Amino acid sequence: MGRRKKIVQECEQLMDKPEQIRNIAIAAHVDHGKTTLTDNLLAGAGMIADEGEATRLMMDTEEDEQERGITIDAANVSMTHEYEEENHLINLIDTPGHVDFGGDVTRAMRAVDGALVVVDAVEGAMPQTETVVRQALREGVKPALFINKVDRLISELQEGPEEMQERLMDVIGDVNELIRGMTEDRDDIDDWTVSVEDGTVAFGSALYKWGVSAPSMARTGIGFPEIIEMERNDERLELHEQSPLSDVVLDMVAEHFPNPLDAQPRRIPRVWRGDDESELARQMREVDDDGEVVFMVTDISMDPHAGEIATGRLFSGTIKQGQELYVSGTAGKNRVQSVGIFMGGEREELDRGVPAGNIAAVTGLRDAIAGSTVSSLEMTPFESIEHISEPVITKS
Ligand code: GDP
């Protein structure tokens, strides 16, 4: 069986097990390394060969983007990752890194439960870092931190262990300040600040494909002294082999990001103002795949063959070909033509449909726009997604 087919089959098996699903976004200030990190994850999950360029094709779907060298449209990919002897389905939504596209970042956040915030170790937290953290927390999405480009501290800036530690702790402190400022009055969110000890912070080099976290250091014995030594000796390949970035980050995702069963009870009241005593509210909280279909569209893209594809989060029910669904704000119903998941830039249609808790790609919803609530019964639509693109505090 081909690799792709095998991955699709694995994803299909995992789709029905919400406790093993993680819906995540990677968000960063432009140039901090989101695309390079995504390449690592796809390679680590066996989706592409272990080399850079191939994935640009997978994630950067618009020609326009490649010309400009920035990612504009949110692309999506599903992959699997084994952690503690259990396989996980990781649905990754790509978000634009440019500040002008703040709206798209917010929309992507509605579909996910965890946000991996990438910060360049040299530049530190930037205005767009603040924006993405704000967007994540507003949507009830849990953050974790990846500090990238640590190789530059060693090779370019020639920093020693103390200097490096101080700099990295400063970055963590700045990100936590943002998180704390935005969660202070929230009793539905626990302490979501990130820390090395808890394993919610990882460090590394997306370019050279190595990474570390407290759990990885305990497991591999590769810590900062080893990293400094190996970077200085130009042993980056060895470093990648002994402590691969994709394992470090995907382990963190599996361990620390909530699954839909944990996330939806907290997120639904935050994004939906309908009757929370209703049967429908119960179905959404419980990720009930036998319940009514409730699908929130977060992105519309064009496929040359299939036409418009609505991508979004399925909070309840099972979405299938042939269903007649309401689209909020429009009269009448739309008929679902096909349902699938994204594997890189390509859509994989699944005849059996897609169950609650997943990200689905749906055709036939001709009246849907990004932000539409699509459902099998008429319902209060989800809250409109507020676009935040202005950071409140700007760091110089
Ligand atoms: P994005 O805009 O956040 O998607 O950033 P990219 O992944 O496109 O990276 C921006 C630039 O930083 C590219 O030139 C990358 O090669 C470079 N880069 C990414 N990660 C690293 C890293 O870990 N170390 C170094 N030295 N450069 C990196």
Side-chain angles (χ1 to χ4, degrees), residues 24-44 48 50-62 64-77 92-102 104-105 108 115-133 135-136 145-159 164 167-168 171 175 201-213 216 222 224 227-228 230-232 234-237 239-240 243-249 344-345:
I24 71 161
I26 302 183
H29 191 85
V30 65
D31 274 349
H32 281 200
K34 185 167 55 67
T35 311
T36 317
L37 172 64
T38 305
D39 284 354
N40 276 260
L41 302 188
L42 294 180
I48 52 150
D50 194 356
E51 56 189 51
E53 273 316 293
T55 38
R56 298 242 164 225
L57 298 174
M58 295 194 85
M59 294 301 279
D60 287 357
T61 49
E62 309 239 322
D64 193 34
E65 283 173 35
Q66 289 175 4
E67 272 166 32
R68 287 201 245 167
I70 52 173
T71 311
I72 299 169
D73 196 17
N76 316 286
V77 60
L92 169 66
I93 289 213
D94 187 32
T95 60
H98 197 272
V99 75
D100 289 350
F101 305 113
D104 282 355
V105 180
L116 187 60
V117 179
V118 180
V119 177
D120 178 330
V122 180
E123 283 206 328
M126 294 292 280
Q128 181 72 355
T129 314
E130 177 176 349
T131 308
V132 297
V133 169
Q135 287 162 333
L145 175 63
F146 173 60
I147 306 184
N148 190 29
K149 307 199 188 183
V150 174
D151 61 287
R152 291 186 60 197
L153 303 184
I154 303 162
S155 309
E156 268 174 60
L157 305 183
Q158 303 277 326
E159 289 187 349
M164 259 176 78
R167 185 191 286 271
L168 296 172
V171 173
V175 171
V201 177
F203 311 90
S205 166
L207 185 62
Y208 299 116
K209 305 172 188 173
W210 55 260
V212 290
S213 62
S216 88
I222 303 282
F224 279 98
I227 288 170
I228 293 174
M230 289 169 93
E231 260 290 329
R232 287 198 178 139
D234 211 8
E235 294 171 335
R236 288 161 169 158
L237 192 59
L239 202 45
H240 161 57
S243 198
L245 175 59
S246 57
D247 280 359
V248 169
V249 168

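If you read the sequence from its start, that first residue is 1, and numbering goes on from there. Whatever order the structure lists them in is the order used to number ligands and atoms, beginning at 1. Bear in mind that the values here come from a model prediction, so they are computed numbers and not experimental data.
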If I apply the N/O under 3.5 Å rule, does [X] come out as touching ligand 1?
| X | value |
| --- | --- |
| Leu207 | yes |
| Glu156 | no |
| Asp151 | yes |
| Tyr208 | no |
| Val150 | no |
| Gly33 | yes |

In chain order, what residues pass the ring-ring contact (aromatic ring centres under 6.0 Å, His included) check against Phe203, with sequence neighbours excluded? Phe224
Do [X] and [Y] come close enough that some side-chain heavy atom pair is under 4.5 Å?
| X | Y | result |
| --- | --- | --- |
| Asp120 | Asn148 | no |
| Leu41 | Ser246 | yes |
| Ile227 | Ile154 | yes |
| Asp151 | Trp210 | yes |

As an exercise, identify every atom of ligand 1 less than 4.0 angstrom from a heavy atom of [X].
| X | value |
| --- | --- |
| Lys34 | 1 (P), 3 (O), 4 (O), 5 (O), 7 (O) |
| Ser205 | 22 (C), 23 (O), 24 (N) |
| Thr36 | 6 (P), 7 (O), 9 (O), 15 (C), 19 (C) |

Region of Arg152 that comes within reach of ligand 1 [heavy atoms, distance under 4.0 Å]: side chain
Any heavy atom of Ala28 under 4.0 Å from ligand 1? The part involved is neither
For Arg167, give me all partners under side-chain hydrogen bond (donor to acceptor under 3.5 Å, both in side chains), at least two apart in sequence or on another chain. Glu159
Under 4.0 Å between a side-chain nitrogen and a carboxylate oxygen: does that hold for Asp234 and Arg236? yes
Begin from the C-alpha positions of His29 and Glu123 and carry the test side chain to side chain donor-acceptor pair (under 3.5 Å) through to its verdict. CA-CA 10 Å; His29 191 85; Glu123 283 206 328; 4.8 Å; no
